[in-house]
Visitor: 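Below is the structure I would like to discuss, written out as structure tokens.
Quick caveat: nothing in here was measured; it's all calculated off a predicted structure. Chain letters run A, B, ... following the sequence lines, proteins first, then strands; residues in each count from 1.
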Amino acid sequence: MAQEQKQPRKSSENDEVVEEVVETDVAERKEVIDDDVDAILDEIDDVLETNAEDFVKSFIQKGGE
Amino acid sequence: MSVRRVMGTEVEYGISVQGMPAANPMVASSQVVNAYASSTVKARRARWDFEEESPLRDARGFDMSRQVADPSQLTDEDMGLANVILTNGARLYVDHAHPEYSTPEVTNPLDVVRWDKAGEQVMLDASKAAARIPGASPILLYKNNTDNKGASYGAHENYLMRRSTPFAEIVRHLIPFFVSRQVVCGAGRVGIGQDGREHGFQLSQRADYFEVEVGLETTLKRPIINTRDEPHADPEKYRRLHVIIGDANLAEVSTYLKVGMTALVLAMIEDRFITRDLSVESSVASLRAVSHDPGLTHLLRLHDGRTLTAVQLQMEYLELARKHVEDRLGADADPQTLDVLDRWESVLTRLEDDPMQLAGELDWVAKLKLLQQYRDRDGLEWDDAKLHLIDLQYADIRPEKGLYHRLVAGGRIQRLLDDASVERAMHDPPEDTRAYFRGRCLEKYADSVAAASWDSVIFDLPGRESLQRVPTLDPLRGSRAHVGELLDRCDTAEELFRALTH
């Protein structure tokens, strides 16, 4: 998302205003996305089995079919 | 020329006894199946009828001898393992060391999703029932295909095909399709190589376990095209294409497209509609290379000299399928066929643009997105146990623990069906195949059904010395239209049998 700020600025005043609005939008959207990701990961953290290493190690299957 | 065809799935679930990694998986699987049977099946429990099974019949036209067969290929000998037929027409049983659910025969992709999802709920209820046995340790079930330590178990699809289609044509056109279809229906996997010794993410749970192009085996030297040929229908007219290369999918769109796309390709093969050669060089190695490339940029080399990505190769099949449907059906094409074509196109277009757009539809992308978020937040490398745990727990069938289920609950993965429809499919059979007759007989005359299978229902009737076998060799007969009124009218199995044999 950082590259959004690298866009060259336009010179006219009107364009400035439009540009600012866009940037605020992007920043807000990024914040919303970050919050959303945090929320998912927090929820998943709550249900993940504890001690990942032991849990994964003890999942041993026989072949099937 | 449409997605309509007699088909179904069979899924072996991963199983572990909580806190007891050394527990015998056959025993645990039997406990799960038996607990479900005891808690749901009324009165007498019908046996599976093995008379028509021939797992060593090869589609290329010969029988493998029993002496050279691996013991794991002998599935027709009733080894006393748990095995029940459900009122929805499905089969719930123990196959080797896994509980397995086979859907009843259905006629369209959405019904495959419905009865496949019903299977997940049956397994969930079964594991809960097993946990109620005093002294039992909780048994956890996973809808996945590998333990990432070298073992793989299957999620098979079955498609009824016309016998008159030469098997070589099926092989020729399906191999490139299977090499590339994983970009849509892979379930995603953390770990590369059969025992997961290399670190990384790949599209498919199964790709690394396939070693040859064509063969009869399913447990060793797995082939891209399996030649097992038990049609469970008139063998003069039909073959059953037994597809073993797919992953067990949780996302409904993944399952829907997997069988829908495949049904469309089979229709073209039966119609001799594919005239171009889409075959790829080194198909087994290509299958793995596509799976190991979540960026979807790997170039497949075709025998005609072109190089295409797997997504582009899928687009060739899509384009042909669209032409085929337009050519043969035009404005008469049914809505589900058109929906599969549209979704297939939409998914491929977005995969080519940015695969992450599919995180709300396809299993492998949903899983990869979650893994990436963890990697970004916690700085995890691909060998981190937490990422392996996320891969495993994505497939946990418990709604409160399974990560697929948590994503659905949060509105992050789309569904095609509602809970009520899936719940009904746990008990009710599809109405447009012989599964209707099988399921209704088990529901209504449980006391009198001695055994059943895909192609028969066997009655034990009062006053008759021998068992009475009603063959159901035609998958499209025994539907509600054929026998619904008769089953409504007959209060006893005796009445039904008399009416049928009259």
Visitor: With a 4.5 Å heavy-atom cut-off, do Leu403(B) and Leu48(A) have their side chains touching?
Guide: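 Touching, per the 4.5 Å side-chain cut-off.
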Visitor: Which atoms of Arg406(B) are under 4.5 Å from chain A, going by heavy atoms: the side chain, the backbone, both sets, or neither?
Guide: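 Contact with chain A: backbone and side chain both.
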Visitor: Does Glu10(B) pair with Arg240(B) as a salt bridge, N-O distance under 4.0 Å?
Guide: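 Salt bridge between Glu10(B) and Arg240(B), a charged N being under 4.0 Å from a carboxylate O: yes.
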Visitor: Using side chain to side chain contact (heavy atoms under 4.5 Å, CB included) as the criterion, list what pairs up with Asp54(A), not counting sequence neighbours.
Guide: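 Asn51(A).
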Visitor: Looking at Ala155(B), Pro21(B), Gly150(B), which makes the most heavy-atom pairs under 4.5 Å with chain A?
Guide: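 Among the listed options, the one with the most contacts to chain A is Pro21(B).
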Visitor: Taking side chain as C-beta onward, heavy atoms only, is Thr146(B) less than 4.5 Å from Tyr209(B)?
Guide: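 In short, these two side chains touch, coming nearer than 4.5 Å.
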Visitor: Can you tell which part of Gln373(B) gets under 4.5 Å to a heavy atom of chain A, answering side chain, backbone, both or neither?
Guide: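 Contact with chain A is through both the backbone and side chain of Gln373(B).
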Visitor: Any luck finding a side-chain donor-acceptor pair between Arg189(B) and Ser204(B) under 3.5 Å?
Guide: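 Side chains of Arg189(B) and Ser204(B): no pair found under 3.5 Å.
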Visitor: I'd like to know if Glu217(B) pairs up with Arg222(B) as an ion pair, taking the criterion as any Lys NZ or Arg NE/NH1/NH2 lying under 4.0 Å from an Asp or Glu carboxylate oxygen.
Guide: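 Looking at Glu217(B) and Arg222(B), the cut-off is not met.
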Visitor: With a 4.5 angstrom heavy-atom cut-off, is it the side chain or the backbone of Glu100(B) that approaches chain A, or both, or neither?
Guide: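 For Glu100(B), neither part sits under 4.5 Å from chain A.
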Visitor: Any ion pair linking Asp36(A) and Arg412(B) (charged N to carboxylate O, less than 4.0 Å)?
Guide: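 Counted as a salt bridge, because a side-chain N and a carboxylate O are separated by less than 4.0 Å.
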Visitor: Keeping Asp363(B) on the side-chain end and Ala251(B) on the backbone end, is there a donor-acceptor pair under 3.5 Å?
Guide: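 Yes: the side chain of Asp363(B) pairs with the backbone of Ala251(B).
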Visitor: State plainly whether the residues Asp147(B) and Lys149(B) are in salt-bridge range, i.e. N to O under 4.0 Å.
Guide: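 Not counted as a salt bridge, because no side-chain N and carboxylate O are separated by less than 4.0 Å.
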Visitor: By number, which residues in residues 191-198 of chain B have some heavy atom less than 4.5 Å away from chain A?
Guide: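 Within residues 191-198 of chain B, no residue comes under 4.5 Å of chain A, counting heavy atoms only.
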Visitor: Rounded to the nearest 0.5 Å, what separates atom CD1 in Ile225(B) from atom CD1 in Ile244(B)?
Guide: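 The CD1 atom of Ile225(B) sits 9.5 Å away from the CD1 atom of Ile244(B).
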Visitor: Please classify the contact between Glu53(A) and chain B as side chain, backbone, both or neither, with a heavy-atom cut-off of under 4.5 Å.
Guide: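 When you check distances to chain B, atoms from both the backbone and side chain of Glu53(A) fall under 4.5 Å.
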Visitor: Any side chain to side chain donor-acceptor pair (under 3.5 Å) pairs touching residues 13-24 of chain B, not counting sequence neighbours?
Guide: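 Passing the test, one end in residues 13-24 of chain B: no pairs.
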Visitor: Does Tyr101(B) have its ring centroid less than 6.0 Å away from the ring centroid of Tyr93(B)?
Guide: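 No, they do not, as the ring centres are separated by 6.0 Å or more.
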Visitor: Counting only non-hydrogen atoms closer than 4.5 Å, can you tell me which residues of residues 383-395 of chain B sit against chain A?
Guide: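 Only Ala385(B), Lys386(B), His388(B), Leu389(B), Ile390(B), Leu392(B), Gln393(B) of residues 383-395 of chain B have a heavy atom under 4.5 Å from chain A.
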Visitor: Return the option, out of Ile60(A), Leu41(A), Val47(A), with the maximum number of heavy-atom pairs under 4.5 Å with chain B.
Guide: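 Going by pairs under 4.5 Å, I would pick Leu41(A).
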